[in-house]
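What follows is a set of notes on a single structure, which appears directly below.
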Amino acid sequence: MASNARIARDLQLIGDLLELQDANPFRVRAYRNAARTVEELNRPLKDMVDEGADLRELPGIGKDLAVQLAGAAHGEALDALRELREQIPPGLLDVVRVPGVGPKKARALWQELGVEGLDDLEREARAGHIAGLKGFGAKTEERIVQGVEQVRRFAERRRRADVEQAIAPLLAWMRDLDCVTTLDVAGSFRRGRDTIGDVDLLVVSEDAPRVMEHLRRYDDVEQVIGSGDEKTSVLLGDGLQVDLRVVEQSAFGAALLYFTGSKDHNVQLRRRAIERDWTLNEYGLWSKDGDERVAGASEAEVYEALGLRWTPPELREDRGEVEAAETGALPVLIEVEDVVSELHAHTDWSDGTGSLEVMTSAAAERGLAVFAVTDHSPALKMTGGLDREKLLRQWEALDALDVPTGLRVLRGMEVDILEDGSLDMDDDMLERMDVVVASVHSRFGLPEAEQTERIVRAVQHPQVNVLGHPTGRLLGQREAYAVDLHAVIAAAVEHDVAIEINAHPARLDVNDHWARVAAHAGAVLSINTDAHAPEELGLLRHGVLQARRAWLTAADVINTWPWPRLQAFLAKEPGWRESSDD
DNA sequence: GCCGTTTTCGGCCCGACTGTTTTCAGTCG
């Protein structure tokens, strides 16, 4: 048995290996499309196979892949992968990640010099063996030496919030130039992805050369990777790559659309353009002969010409949004302003830095109507978790607290899910709480079956309202633990437990994919900051972005509900689903 | 490898920049 994620990774790997083999590029794409299809299924492939579903009905799955996938769902290796692994050294996949080295060059290096990985590549480059190869030269060799270093240092994508912070001074520097009319960050940053590979800047200006020059002169630019009339790429001191494009006002919409992506979304739009006998590029939507521009000044204009509604960037992942934009079925996505309740936050009673006064005041200042105090339970020693005596004292303090007008403060706790799935607090105490967030903070390494059973058991506990950061991942630091989230979500639906979208930029847990799967399965979501300091209540927007990427509307998220409905949900009163406001 | 009210074969999105070339392939987004 293999998870969807695992099968999708293997399909992706087949695509990468095929490329190294110089295979038909459309065959490569077929595997990558199949990887996406499997990744985005909202139920386990294995279940579908067991039920006898015809996999050929899935997009991008034909006769051959249907057979391979049926085997893969039950743990067999994919045929194509088995063969490719025997033919191609796996280390070549790292070689391709070196900037300037693609599949063709990697293959040449392997065949001519026996390069099978980064170490080989660096040795051959430093020894000067590469410059003489056909198609290579001194510049390429030099760039490879730098590139190997870069791959080793900056292997992973960065957290979006970190990138946001890192580029703030750069954006200010660019906006400072008088000939910059408009400056936008496009790419995966604009789409709100949880991690970012590089930064795409789009500038409207009448003086492109000056804009390029200005970027090159930014004092944190470590290396200019390339610079031409329309685009410039640089590497900043911390290794972040920034790509700049400059366009004229009349092409701004088409360019923004193009550089926002995703690539797959753009492919869909171009297909539609072709169907209408037009062609779409970053300069506009054109008649087939290319001399008449149909649209291009704004994104909305381009979408409209293609018979589509303007589509929020967070949805542009080719996950069905083009069809929805055609039929008017795009969701009205949740906004930061919709959120009126914070249900997971800490104070200095455990590991937070803010007192009850400071945290509740901060919540009120942000316009929240409900703020839950959910400090840690005692099992987490390092957080100074509260035992029942200390918790009783906290409640006394809450009773005596001068609560800001308009704010409702809830008694709660982030209770540890112990190894056996029981909760780290007595039931009689849990019963007296307004809200219980249950989370895993230990024993991440349990086998999947045990981890799943553990969490499902906690979700079944009658007092639990929210499952906190359900996968335990820390972006760039720790992988999600092994757990069958399909089973967890099913239990959450049955027991009226909300699945958390933890808004902390290091967590964003569950991610956009699982949030969408959960909503599809009938679960409700809860976006919380897990704030440990007053300013961290501002992290909310990161969670909302992920919710938007998951196609969530305000109604899907309990933190937007008016108090009577939220109260009914937290008390597990039947009828909370029948809302009055949606 | 997938896909089809124009098709079961012949398509499958578009352009900039670089380096190594001698007119363009490879890489990248």
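In what follows, every heavy atom counts, from backbone to side chain, and hydrogens, waters and symmetry copies are set aside.
With sequence neighbours left out, the ring pair (Phe, Tyr, Trp, His ring centres under 6.0 Å) criterion links A/His486 to A/Trp514. Shown here are the side-chain hydrogen bond (donor to acceptor under 3.5 Å, both in side chains) partners of A/Gln87, two or more places apart in sequence or in another chain: A/Gln21. For A/Asp10, the salt bridge (charged side-chain N to carboxylate O under 4.0 Å, His left out) partners at least two apart in sequence or on another chain are A/Arg6. Looking at residues two or more places apart in sequence or on another chain, you find a salt bridge (charged side-chain N to carboxylate O under 4.0 Å, His left out) between A/Glu40 and A/Arg36, A/Arg319. Under the ring pair (Phe, Tyr, Trp, His ring centres under 6.0 Å) criterion, A/Trp551 pairs with no residue at all, not counting sequence neighbours. Residues passing the side-chain hydrogen bond (donor to acceptor under 3.5 Å, both in side chains) test with A/Glu124, sequence neighbours excluded: A/His129.
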Between the protein and nucleotides 15-19 of chain B, list every N/O to N/O distance that falls short of 3.5 Å.
from   : atom 1 : to       : atom 2 : distance (Å)
B/dG15 : OP1    : A/Asn281 : ND2    : 3.1
B/dA16 : OP1    : A/Tyr283 : OH     : 3.2
B/dC17 : OP1    : A/Asp229 : N      : 3.1
B/dC17 : OP1    : A/Glu230 : N      : 2.8
B/dC17 : OP1    : A/Lys231 : N      : 3.0
B/dT18 : OP1    : A/Ser227 : N      : 2.7
B/dT18 : OP1    : A/Ser227 : O      : 3.3
B/dG19 : O3'    : A/Thr140 : OG1    : 3.3

Could you pull out the protein-nucleic contacts involving nucleotides 4-9 of chain B (nitrogen or oxygen on both sides, under 3.5 Å)?
none

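Backbone-only contact: A/Ile61 has heavy atoms under 4.0 Å from sugar-phosphate atoms and none from a base.
For the contact set between residues 292-316 of chain A and DNA chain B, defined by any heavy atom under 4.0 Å, there are no members. Contacts with DNA chain B (heavy atom under 4.0 Å) in residues 198-210 of chain A: A/Asp198, A/Asp200, listed by number. Shown for residues 106-131 of chain A: no residue has heavy atoms falling under 4.0 angstrom of DNA chain B.
Atoms CD (A/Gln268) and C1' (B/dC12) sit 12 Å apart, rounded to a whole Å. One atom, CG of A/Asp22, and another, C1' of B/dG26, lie 11 Å apart when rounded to the nearest Å.
Evaluation of the side-chain hydrogen bond (donor to acceptor under 3.5 Å, both in side chains) test over residues 22-32 of chain A, restricted to residues two or more places apart or in two chains, returns A/Asp16-A/Arg32, A/Glu19-A/Arg32, A/Tyr31-A/Gln68.
Residue side chain A/Asn33 does not reach the base of B/dG1 through any donor-acceptor N/O pair under 3.5 Å, judged by distance alone.
For the pair A/Lys263 and A/Glu317, the salt-bridge criterion is not met [side-chain N within less than 4.0 Å of a carboxylate O].
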